[in-house]
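Everything below concerns the one structure shown next.
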Amino acid sequence: MTTINSELIIDTNILKENISYMKTQLNEKSNFMAVIKSDAYGHNIENVVTNIDDLVDGYGVVRISEAKKIRKISNKKILLMQGIYSDDELHKAIELNLDTVIHNKDQFSIIKNNNYFDGLWLKINTGMNRLGFEIDDFLNLYNKYLYDKKFILMSHLAASNDINSLSNKNQFKLFDNLSKKINKDIKKSIANTGCVMNFPSHTYDWVRCGIGIYGGYFQDKNIKTAMTLRSPVVNVRNIKKGERVGYDGRAIAKKNMKIATIYLGYADGLPVAIQDGTEVMINDQIAKVFGRVSMDLTTVDVTNLIDCTEGDWCNFFSPKLPVSNIAKNNDLISYYFMTSIKSRVKKVYKN
Ligand SMILES: *Cc1c(COP(=O)(O)O)cnc(C)c1O
């Protein structure tokens, strides 16, 4: 028996190409950490690690369960980017030979009480105001406990995609000023994808890249979307001017139209808030969403397509139709689409 399904195709060659391209931005001493939290942004953590291990110097995760999966495959550095929240988690981290972020006093107490100072990344708040020590609090800890220790000084940028944002300048300034007040051998890390691409002079000792690997970074055409989300057309119909399509009749035909119905809806992970006019691709031609996304189906205007019949694939994003396209047109971000695809969508790994 054959049956139809929506598919998420993951092209690991594109992941590798994106990494190699970003690495050309780094200074010669900078190490490349692949951020693979949230199941490698939806690309399957084991699949990604197996394929990119030769190209990277380490991995960034949030959960210990993620680190465990990687440790079975790779001996490279693994950083718990949000640190540990209990003695028990610290012991698990030590067992798995993980590096760990320390971002506040509670976490610092845990490592101090265990007298464990290996593989620490001390996180500083330079303006994101989410995690990290205030600079003065950090300096107090440094002068008391850390002045003779090795660690990595880290921070995170709030607006790295915006090359003109003042906040980047301010964050770099605070970070650089602080680093001048501590041992000059202390290694540094502030760069995510946007920073690597926009501010390559701040790649320091470690960069932590996520979205660029997967191709959700939209400001450089050399970085390609590695995922294809596609599903077949299951019906094509003609409608007359003035007729409405889908729930609540949101879309009203201004002329006679041809409408294709696609086998993919919000229960597959396509946001219900997708706007009319959002671009999709059928037979290499652009078609536009017409009508509200429903649970299992989406309707698309194919009036101007040369060909479109039942069984044709409709791509919502792909290497040819960047995920940033659908994201920007709906006031969302690529990260959100990549991590939202549901398990009933069939995963296909292309190596
Ligand atoms: C997620 C994350 C990154 C990766 O950011 P991208 O924008 O995806 O490159 C880097 N650092 C930290 C601390 C993160 O949480």
Side-chain angles (χ1 to χ4, degrees), residues 4-25 32-56 59-61 66 69-70 73-74 76 192-194 196-197 209-233 262-264 268-270 278-287 311-328 332-351:
I4 60 166
N5 200 355
S6 45
E7 293 185 351
L8 187 71
I9 304 166
I10 293 162
D11 186 334
T12 48
N13 283 317
I14 293 181
L15 303 175
K16 290 188 223 176
E17 285 161 21
N18 288 338
I19 292 172
S20 299
Y21 180 70
M22 281 189 287
K23 280 170 75 172
T24 63
Q25 292 281 101
F32 189 94
M33 176 173 286
V35 175
I36 53 174
K37 61 193 178 192
S38 192
D39 204 23
Y41 292 37
H43 294 69
N44 185 301
I45 207 163
E46 282 103 341
N47 169 53
V48 172
V49 172
T50 309
N51 282 286
I52 69 171
D53 203 43
D54 292 343
L55 282 176
V56 306
Y59 299 98
V61 297
E66 297 167 329
K69 288 184 186 169
I70 306 170
I73 313 174
S74 174
K76 297 212 162 145
N192 65 340
T193 300
V196 167
M197 300 310 296
C209 289
I211 199 70
I213 298 177
Y214 312 107
Y217 181 78
F218 59 91
Q219 293 172 12
D220 189 320
K221 295 278 172 285
N222 290 301
I223 291 183
K224 297 216 163 59
T225 299
M227 273 181 173
T228 298
L229 177 64
R230 67 177 196 175
S231 204
V233 174
I262 319 297
Y263 191 71
L264 185 108
D268 298 285
L270 190 68
T278 295
E279 292 179 349
V280 298
M281 201 178 258
I282 299 171
N283 299 327
D284 279 336
Q285 303 156 85
I286 294 290
D312 290 347
W313 287 106
C314 175
N315 290 348
F316 290 82
F317 45 82
S318 73
K320 284 188 192 166
L321 184 68
V323 62
S324 52
N325 197 58
I326 192 168
K328 277 195 281 185
L332 294 167
I333 55 175
S334 308
Y335 306 69
Y336 181 79
F337 281 86
M338 292 176 180
T339 56
S340 298
I341 307 306
K342 300 287 170 55
S343 60
R344 79 176 191 185
V345 178
K346 184 180 169 197
K347 308 288 187 307
V348 180
Y349 301 102
K350 195 172 146 192
N351 290 313

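Model, not experiment: these values are computed from the prediction. All residue numbers refer to positions in the sequence shown, counting from 1.
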Note to self: With rounding to the nearest 0.5 angstrom, report the CG to CD1 distance, Leu229 to Ile10.
What the structure shows: 10.5 Å

Next item on the list: Using a 4.5 Å cut-off on heavy atoms from C-beta on, say whether the side chain of Tyr59 contacts that of Ile52.
Entry: yes

Item checked: Tyr349: which of Asn44, Asn47, Thr50 passes side-chain hydrogen bond (donor to acceptor under 3.5 Å, both in side chains) -> Asn44

Next item on the list: Could you grab the distance from atom OG1 of Thr193 to atom CD1 of Ile223, nearest 0.5 Å is fine?
Entry: 7.0 Å

Note to self: Between Ser74 and Ile70 (side chain of the first, backbone of the second, donor and acceptor by atom type, cut-off under 3.5 Å), is there such a pair?
What the structure shows: no

Checklist line | Close side-chain approach of Asp53 and Lys76, heavy atoms under 4.5 Å | finding: yes

Notebook entry, point to check: Is any side-chain heavy atom of Glu7 less than 4.5 Å from a side-chain heavy atom of Thr228?
Noted result: no

Margin query: How close do Thr225 and Gly215 get, counting heavy atoms only, and between which atoms?
Written below: OG1-O, 3.3 Å

Checklist line | Stepwise side-chain contact (heavy atoms from CB on, under 4.5 Å) test for Lys350 and Asn13 | finding: CA-CA 8 Å; Lys350 195 172 146 192; Asn13 283 317; over 6 Å; no

Next item on the list: Might you point out which heavy atoms bring Lys346 and Asn5 nearest each other, and give the distance in Å?
Entry: CB-ND2, 3.7 Å

Checklist line | Non-hydrogen atoms of Ala34 and Val56 that approach each other most closely | finding: CB-CG1, 4.0 Å

Margin query: Given 3.5 Å as the limit, does a donor-acceptor pair link the side chain of Glu46 with the main chain of Lys69, or not?
Written below: no

Item checked: Distance (rounded to the nearest 0.5 Å) between Leu264 CG and Ser6 OG -> 5.0 Å

Next item on the list: With rounding to the nearest 0.5 Å, note down the distance linking CZ in Phe32 to SG in Cys209.
Entry: 4.0 Å

Note to self: Set out, in order, the CA-CA distance, both residues' side-chain angles and the distance that settles side-chain contact (heavy atoms from CB on, under 4.5 Å) for Leu15 and Asn51, then state yes or no.
What the structure shows: CA-CA 9 Å; Leu15 303 175; Asn51 282 286; 5.8 Å; no

Check: What heavy-atom pair brings Lys347 and Lys342 nearest, and what distance separates the two atoms?
Finding: NZ-O, 3.5 Å

Note to self: Is there a side-chain contact between Asn222 and Tyr217 in this structure, where contact means two heavy atoms from C-beta onward sitting under 4.5 Å apart?
What the structure shows: no

Check: Which distance, rounded to the nearest 0.5 Å, do you find between the CD1 of Ile211 and the OH of Tyr335?
Finding: 5.0 Å

Checklist line | N/O donor-acceptor pair under 3.5 Å between Ser231 side chain and Trp313 backbone | finding: no

Item checked: Shortest non-hydrogen separation from Ser334 to Gly216 and the atoms involved -> OG-O, 3.1 Å

Notebook entry, point to check: Is there side-chain contact between Ile36 and Val61, with at least one heavy-atom pair below 4.5 Å?
Noted result: yes

Notebook entry, point to check: Is a side-chain donor or acceptor of Asn18 paired with a backbone partner of Lys224 at a separation under 3.5 angstrom?
Noted result: yes

Next item on the list: Measure the spacing between OG of Ser38 and NE2 of His43 and express it to the nearest 0.5 Å.
Entry: 11.0 Å

Hey, can you pull the donor-acceptor pairs under 3.5 Å for the side chains in residues 316-328, sequence neighbours left out?
from   : atom 1 : to     : atom 2 : distance (Å)
Ser318 : OG     : Lys320 : N      : 3.1
Ser318 : OG     : Leu321 : N      : 3.1
Lys320 : NZ     : Asp284 : OD1    : 2.8
Lys320 : NZ     : Asp284 : OD2    : 3.3
Asn325 : ND2    : Glu279 : OE1    : 3.3

Item checked: Heavy-atom check, side chain of Met227 versus side chain of Leu8, under 4.5 Å -> yes

Check: Any donor and acceptor pair, going by atom type alone, linking the side chain of Asp39 with main-chain N or O of Ile45 inside 3.5 Å?
Finding: yes

